[in-house]
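Take a look at the structure below.
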Protein chains: 4
Amino acid sequence: MGAVKTKRMPRAVREQQMLDAAVRTFGNRGYMAASMDEIAELAGVSKPLVYLYLNSKEDLFTACIRREARALTEAVRVGARPELPADRQLWSGLTAFFTHTARHPDGWAVLHLQARTHGEVFAAEVAAMRAEIVAFVTQLILAAAREAHRDPDLREAEVSGLAEALVGAAESLADWANATPGVTARQAATTLMNFAWAGLGDLMAGRHWTPPDDSGDVDAPAAQIEVTSPAG
Amino acid sequence: MGAVKTKRMPRAVREQQMLDAAVRTFGNRGYMAASMDEIAELAGVSKPLVYLYLNSKEDLFTACIRREARALTEAVRVGARPELPADRQLWSGLTAFFTHTARHPDGWAVLHLQARTHGEVFAAEVAAMRAEIVAFVTQLILAAAREAHRDPDLREAEVSGLAEALVGAAESLADWANATPGVTARQAATTLMNFAWAGLGDLMAGRHWTPPDDSGDVDAPAAQIEVTSPAG
Amino acid sequence: MGAVKTKRMPRAVREQQMLDAAVRTFGNRGYMAASMDEIAELAGVSKPLVYLYLNSKEDLFTACIRREARALTEAVRVGARPELPADRQLWSGLTAFFTHTARHPDGWAVLHLQARTHGEVFAAEVAAMRAEIVAFVTQLILAAAREAHRDPDLREAEVSGLAEALVGAAESLADWANATPGVTARQAATTLMNFAWAGLGDLMAGRHWTPPDDSGDVDAPAAQIEVTSPAG
Amino acid sequence: MGAVKTKRMPRAVREQQMLDAAVRTFGNRGYMAASMDEIAELAGVSKPLVYLYLNSKEDLFTACIRREARALTEAVRVGARPELPADRQLWSGLTAFFTHTARHPDGWAVLHLQARTHGEVFAAEVAAMRAEIVAFVTQLILAAAREAHRDPDLREAEVSGLAEALVGAAESLADWANATPGVTARQAATTLMNFAWAGLGDLMAGRHWTPPDDSGDVDAPAAQIEVTSPAG
DNA sequence: TATGAATGAGGCTTCATTCAT
DNA sequence: AATGAATGAAGCCTCATTCAT
């Protein structure tokens, strides 16, 4: 059970193995229900070694949060290619986000569920990451407005409220996409872009947002929502 | 500390006291960190009595989830007055939602954080409630479309995707509103309606949604959502 | 092994059983080497009950120290019958002291060895007891001097230095008496009284001993106690 | 922190560094609370090397005890210059004793507190040292008596009882002097010499003290030391 | 209806000690 | 001569749960 027992690894490698095991265990069982015993076994290592390298359950959990938070923000930042127009950046950033959360469900569970549920210290850790993402999204929205030669006076406070809502919706959709078989990251991103860009009001007015076509992209091709042809 | 020690109460009353204590404790400490000892003390009752009435920690937690879920859905359903037009219903339903979550932070923590974080059994319990709400919102959106004489062929699947997003955003905003001092339920509802109805696209087109003034409502006075007619 | 397993005792009784077991275990094994498991078993009780009543190993140890300290001071105070002349009081107090330490070797080990060796907190606890005893002895010495119509100006500071030395010697002799088979409490008390009353000087009739002046010596010069000229 | 990390030292030197670190750690933390990790780090050496040289924690502790015991007895023996008269020898021996314990508080803690508190094996080790010192003091007392042309028949058993008391008092005073700022070794030695030489009896001129006869008393009858008849 | 007394089980953490180089 | 990597064993503590009244 767990990793193959390879002896005498350099510390850095072992630490990553331990974090892997910890993220999986914390993600599945939850922070409190996860036992250090289980984590150590899954890492193919004795418990004292885990303590030697990671100090305590709290520290281990914090290390998990930090690693996963960095991985997620990195994925989003890389996904949002800065050479694209802002709306496309947003869309591809969202796609990267949903792709990452789908590929790392345990990491996502650690960040979105566990870290928020077990104490202010951990919650603060993810709050920092979230703030970073919200700021990033805010910049994208402002850039989009600029590109559209629109509303140069948009107050940042206003926009960051919208960014909050957008990020919040994205988080919820990530859970939903993970829980709903057959929903791809692109579909989730498209749904959210439609929701965010056009709004329900537009939907009823017949205007839709069109996802870009996906040449050479990493994920599945099909868009989720049938997009009617844009109004002329 | 805890409830005043009144002896010999009828069972139904005692049970509610216990559930009150349990919700508070589960909400504050989390499911696992909450101890039956603390709950019993807070309820002003001995531990064996808790077991006599509620059977086990799991059953107690399930009872909490059920009670809080019912209270929340009830609040939303009552808030959304069926005699109003659909968009107004949605707005007032959201307001009721944010009002309830603000007034019952522990109950909301139980439903939104704890129940989703500690095992499939509990998660299923809230999932059922959520599905109910999503269905309700879906109906409201469809009704709104109907009232606007729009898109009679909107497929329910499509709309329920949007409903998902809307509910997801609402959940996130509830946390945000609870954590941000000075944000009222009405403000939260308005923010979300703006986001949902007008979308970011509208924002950049310069169109804004204005909250209606408020005649005879239970909460703050302002009326609901002014939906501007879609631009031709 | 351990106490006979009698079920369902009132708390006060169980607590004493636990303290008995704890004093024995701490006295024999030492504070750190004593395991809560062993104490619980010796008390005929499960470990959680020990924690329920005594809170922690530290608290349990503190409770032991307090109980044994009280018992010892009480024994001494009762032993020194106040109606006797002061020297007799001192002698009978010492006898009571040696009797008690001989009869409660574990309690004595807890006070004299363990409590002083495992942290300031515990040490302070016995220091308080010791101070009380030193004060008591100081009073006895002063009373003896008064009864002998001697040196009414004896400064208390001076005398309490002697009391310190006397108590220190008594403590050491208690260990010695316990370790040397065939030495009774009365013998130990007599030895000490002889030493204290007559001194070695009498033994060799050299009367007062004068410290040499300190030419080229390493330490500070002043002698501490001003030695009064020998009685005529 | 700890010793400067110098590589490749000859074994003898490394061993002393380890013992230095061990004595400090054992003295401060106590035998059980001291960890081999801490000792190794303080010695500026890896743990396996400590085991290579000193074998085990027990052996290491024993080595500490032996080194410190030898150092202490050596200091006393050197301090008591044999060319002086016996009383002077005693005084300077005591001074050397108090000087040494004041300069090596950790070593003294190891000998006086730790070694006596953690098992018969270690206790025996210091008991040997103590016996040696008691014998030495006994000889000094006998010599003093001889020099005073007194009591040539003093039985050694009697005197060694007094030596016991004297040494016990010295041990206690060493702790007291270390704990009381401003008390020098010479002062401590003088206090003890005064106490021993003049006694309390002189203080009140009551000369010899006679134990009461023991009618109906709880303890064993025999007094230990034959008390010579009081001077007229 | 209600509770004081009691425990089996399990989790976090630390330590003395060794292996392989 | 010296060490980075690793672990078996054990200790403190807490908890959900029950018994006997």
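Residue numbers start from 1 in every chain, and the chains themselves are labelled A, B, ... in the order their sequence lines are given, proteins ahead of strands.
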In whole angstrom, give the distance that lies between atom [atom1] of [X] and atom [atom2] of [N].
X        : N      : atom1 : atom2 : answer
A:Glu15  : F:dA6  : CD    : P     : 11 Å
A:His118 : E:dC12 : NE2   : P     : 12 Å
B:Glu58  : F:dA16 : CD    : C1'   : 11 Å
B:Gln17  : E:dA2  : CD    : C1'   : 13 Å
A:Lys57  : E:dG11 : NZ    : C1'   : 8 Å
A:Tyr53  : E:dT14 : OH    : P     : 17 Å
D:Leu49  : E:dT18 : CG    : C1'   : 14 Å
A:Tyr51  : E:dG11 : OH    : P     : 11 Å

Would you mind classifying the nucleic acid contact of A:Ala34 as base, sugar-phosphate or nothing, using non-hydrogen atoms under 4.0 angstrom?
sugar-phosphate
What does A:Arg11 touch in the nucleic acid at a heavy-atom separation under 4.0 angstrom: a base, only the sugar-phosphate, or nothing?
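The residue A:Arg11 makes sugar-phosphate contact but no base contact.
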Want to settle it: does A:Leu52 or C:Tyr31 sit nearer the 5' end of DNA chain F, counting the closest nucleotide to each?
A:Leu52
If you find the nucleotide of DNA chain F closest to B:Ser35 and the one closest to C:Ser56, which residue's nucleotide is nearer the 5' end?
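The residue closer to the strand's 5' end, by nearest nucleotide, is C:Ser56.
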Confirm from the modelled atom types if C:Arg8 and E:dA5 form a donor-acceptor pair under 3.5 Å, side chain to base only.
yes
Comparing nearest nucleotides in DNA chain E, the 5'-proximal residue of the pair D:Ala33, C:Ser46 is C:Ser46
5'-most by nearest nucleotide on DNA chain E - C:Pro10 or A:Pro48
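Going by which nucleotide is closer to the 5' end, it is C:Pro10.
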For the side chain of B:Lys47, counting heavy atoms from C-beta on, which of E:dA6, E:dA16, F:dA6 is nearest?
E:dA6
Atom of B:Ile39, atom of B:Leu60 and distance for their closest heavy-atom approach
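Scanning both residues completely, I find the closest heavy atoms to be CD1-CD2, 4.0 Å.
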Quick check: closest heavy atoms across C:Met18 and C:Ala43, and the distance to 0.1 Å?
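Nearest heavy atoms, C:Met18 then C:Ala43: CA-CB, 4.0 Å.
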C:Asp20 and C:Arg67: CA distance, side-chain angles, deciding distance, salt bridge (Lys or Arg N to Asp or Glu O under 4.0 Å) verdict:
CA-CA 10 Å; C:Asp20 290 345; C:Arg67 193 182 78 166; 2.8 Å; yes
Identified pairing partner of E:dA9, criterion: Watson-Crick or G-U wobble below 3.5 Å:
F:dT14
Please determine, for F:dA20, whether a Watson-Crick or G-U wobble partner exists with both distances under 3.5 Å, and give it or none.
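Check on F:dA20: paired to E:dT3, both distances under 3.5 Å.
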Does the side chain of A:Phe122 come within less than 4.5 Å of A:Thr117's, by heavy atoms?
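Not in contact.
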From C:Leu113 atom CG to D:Gln114 atom CD, the distance as rounded to the nearest 0.5 Å
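Going from the CG atom of C:Leu113 to the CD atom of D:Gln114 covers 10.5 Å.
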